[in-house]
Participant: 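Structure provided below as structure tokens; questions to follow.
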Amino acid sequence: MKHLLSEKDLSPEEIKQVLTAATDIKKNPEKYKNAAFEKVLLTIFEAPSLRTRLSFDSAMIQMGGDSINYQTMFSPWGVGKESIEDTARTISRYVNLVMIRMHDHEEVVRFAQNASVPVINGLTNYSHPCQLLGDLLTIQEKKGKLQGLKLAYFGDGNNNVTHSLMMGCTKMGMHVSIACPKGRDYEPLPDVVQEANTWAKKTKGSLTITQDSEEAIKNADIVYTDSWMSYHVPKAQLKKRVEIFKPYQVTEKLFAKAPNALFMHCLPALRGHEVTAEVIDSKRSIIFDQAENRLHAQKAIILKVLK
Ligand code: CP
């Protein structure tokens with residue numbers, strides 16, 4: 001794994017390796033305090049971030065390395081004065097690895113094709129593999145396994161986190177049920193559906209896409225939702241999207257139909273939109289353990305790509 005651009009770069013075996021490493025790193029942080037000694041990570045952001053930015057910075061500092069943060073709006077590339085190819089080639093002369101958050105997934109792919117150091121996708125409009133690995137670590141910790149569990153997702157199906165969960169969870173033999181509105185703008189992308197179905201067949205998992213939240217939540221072990229207004233969605237669409245997604249809100253009434261399920265959200269969350277305060281602040285919500293696990297999973301990712 002030279003780069004981590006999407007779940008397509010990860011075999012089920014590699015996912016298990018990252019989760020095993022992350023579990024050990026979390027239990028024994030002292031053992032890894034020099035694991036990235038003298039290594040420099042560049043983090044590039046086109047969109048805002050709390051968790052991804054700070055967990056990558058902390059991961060490098062805690063493992064004896066360092067990180068530099070760069071906003072694309074301050075780069076010649078960001079203002080149209082330099083090609084993405086020249087930018088990637090230049091950056092590769094200064095740092096040991098790059099984490100990049102850009103709206104356009106294809107730009108990240110082009111960046112990686114021209115970089116001679118490992119590149120990690122820190123979220124694009126297509127996928128969010130770092131979130132997926134932190135989430136799998138959290139589910140494994142809380143439920144003791146991944147194989148055979150059911151994850152039910154509610155809301156925006158055409159969403160980076162949804163795509164990552166579909167591809168990553170089916171690779172681990174999980175059953176994934178997506179409840180989302182009908183329509184090209186709201187349903188998962190066809191290539192993601194195909195990838196997830198292919199893996200589900202191999203691993204005895206499954207993928208269901210439905211417009212019926214009550215069907216999706218049956219026997220769920222994990223209930224998951226994400227923002228209805230991803231970073232790349234224009235603010236002008238807020239009113240329309242609230243109306244369209246409202247039937248998929250995770251409410252107490254819906255959550256009660258899966259009494260053994262835990263609630264997850266990649267954050268940031270808007271209470272009263274994709275989830276009610278009663279659910280996200282309930283005893284069955286594990287959102288802050290989930291946020292913490294971004295740190296441990298990312299340390300494992302950093303060490304894997306540096307090797
Ligand atoms: N979940 C996530 O990636 O959070 P940030 O946007 O704050 O990094």
Side-chain angles (χ1 to χ4, degrees), residues 4-7 9-10 18 22 41-62 67-73 97-105 107-108 119-139 141-142 151 153-169 222-235 238 241 250 262-271 273-275 279-281 285-302:
L4 175 57
L5 303 185
S6 84
E7 291 66 21
D9 295 325
L10 286 165
V18 171
L41 164 73
L42 176 68
T43 60
I44 303 177
F45 285 94
E46 188 182 53
S49 172
L50 174 67
R51 282 143 288 270
T52 306
R53 163 88 199 266
L54 298 184
S55 54
F56 266 104
D57 283 358
S58 286
M60 288 305 289
I61 293 165
Q62 290 173 12
S67 70
I68 302 168
N69 176 249
Y70 199 49
Q71 304 286 328
T72 54
M73 68 176 133
L97 75 162
V98 177
M99 185 242 78
I100 184 164
R101 171 171 286 193
M102 298 273 304
H103 297 310
D104 185 348
H105 188 79
E107 286 219 317
V108 172
V119 177
I120 301 167
N121 170 2
L123 181 146
T124 64
N125 56 358
Y126 180 73
S127 72
H128 197 355
C130 294
Q131 183 69 52
L132 180 265
L133 290 164
D135 291 350
L136 291 177
L137 178 65
T138 310
I139 297 168
E141 272 179 6
K142 299 287 181 188
L151 180 143
Y153 179 97
F154 299 87
D156 188 1
N158 185 2
N159 170 281
N160 40 38
V161 171
T162 323
H163 290 158
S164 291
L165 290 168
M166 288 168 64
M167 293 188 278
C169 292
I222 300 292
V223 168
Y224 202 119
T225 188
D226 188 9
S227 170
W228 295 339
M229 292 294 291
S230 287
Y231 290 129
H232 64 278
V233 176
K235 280 200 178 101
L238 177 65
R241 287 174 74 90
V250 180
L262 298 172
F263 176 76
M264 295 179 74
H265 190 307
C266 56
L267 303 178
L270 206 49
R271 287 163 176 77
H273 276 217
E274 66 271 14
V275 60
V279 173
I280 196 168
D281 298 323
S285 170
I286 55 170
I287 55 168
F288 296 113
D289 291 335
Q290 181 185 1
E292 180 193 327
N293 278 340
R294 293 289 305 277
L295 172 69
H296 310 299
Q298 276 154 206
K299 284 182 179 174
I301 296 166
I302 290 166

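Please read these numbers as outputs of a predicted model, since none were measured by experiment. Each ligand, and each atom within it, is numbered from 1 in the order the structure gives.
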Participant: Taking atom types as modelled, is there a side-chain donor on Q131 or N160 under 3.5 Å from an acceptor on the other?
Facilitator: no

Participant: If we only count heavy atoms from C-beta on, is the V279 to V223 side-chain gap below 4.5 Å?
Facilitator: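 They are not in contact (no side-chain heavy atoms under 4.5 Å apart), so the answer is no.
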
Participant: For ligand 1, indicate whether the residue H265 contacts it via side chain, backbone, both or neither (heavy-atom separation under 4.0 Å).
Facilitator: neither

Participant: What's the shortest heavy-atom distance between A59 and I302, and which atoms?
Facilitator: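 Closest approach of A59 to I302, heavy atoms only: CB-CD1, 3.9 Å.
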
Participant: Give the residue, atom name and distance (to 0.1 Å) of the protein heavy atom nearest atom 3 (O) of ligand 1.
Facilitator: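 Protein heavy atom with the smallest distance to atom 3 (O) of ligand 1: H128 NE2, 2.8 Å.
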
Participant: Should L123 be counted as touching ligand 1, given the test is an N or O pair under 3.5 Å?
Facilitator: no

Participant: What residue and heavy atom of the protein are closest to atom 7 (O) of ligand 1, and at what distance?
Facilitator: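 That would be L50 N, 2.7 Å.
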
Participant: Counting only nitrogen or oxygen atoms and a 3.5 angstrom limit, does P268 reach ligand 1?
Facilitator: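 In this structure, P268 places no N or O atom under 3.5 Å from an N or O of ligand 1.
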
Participant: Evaluate R294 for polar contact with ligand 1, using N/O atom pairs at a separation under 3.5 Å.
Facilitator: yes

Participant: Just heavy atoms, cut-off under 4.0 Å: does L267 contact ligand 1 by side chain, backbone, both, or neither?
Facilitator: backbone

Participant: Just wondering, do Y153 and D226 contact through their side chains at under 4.5 Å, heavy atoms?
Facilitator: yes

Participant: Between the side chains of S230 and N159, is a donor N or O closer than 3.5 angstrom to an acceptor N or O?
Facilitator: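 There is such a pair between these side chains.
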
Participant: State the atoms of ligand 1, each with its element, that fall below the 4.0 Å cut-off from a heavy-atom position in Y231.
Facilitator: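 Answer, ordered by atom number: 5 (P), 6 (O), 7 (O).
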
Participant: For N121 and Y126, does a side-chain donor sit closer than 3.5 Å to a side-chain acceptor?
Facilitator: no

Participant: Taking all heavy atoms of P268 and all of E274, pick out the closest pair and write down the distance.
Facilitator: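 Here P268 and E274 meet closest at O-OE2, 4.1 Å.
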
Participant: Could you check atom 4 (O) of ligand 1 against the protein and tell me its nearest heavy-atom contact, residue, atom and distance included?
Facilitator: R51 NE, 2.9 Å

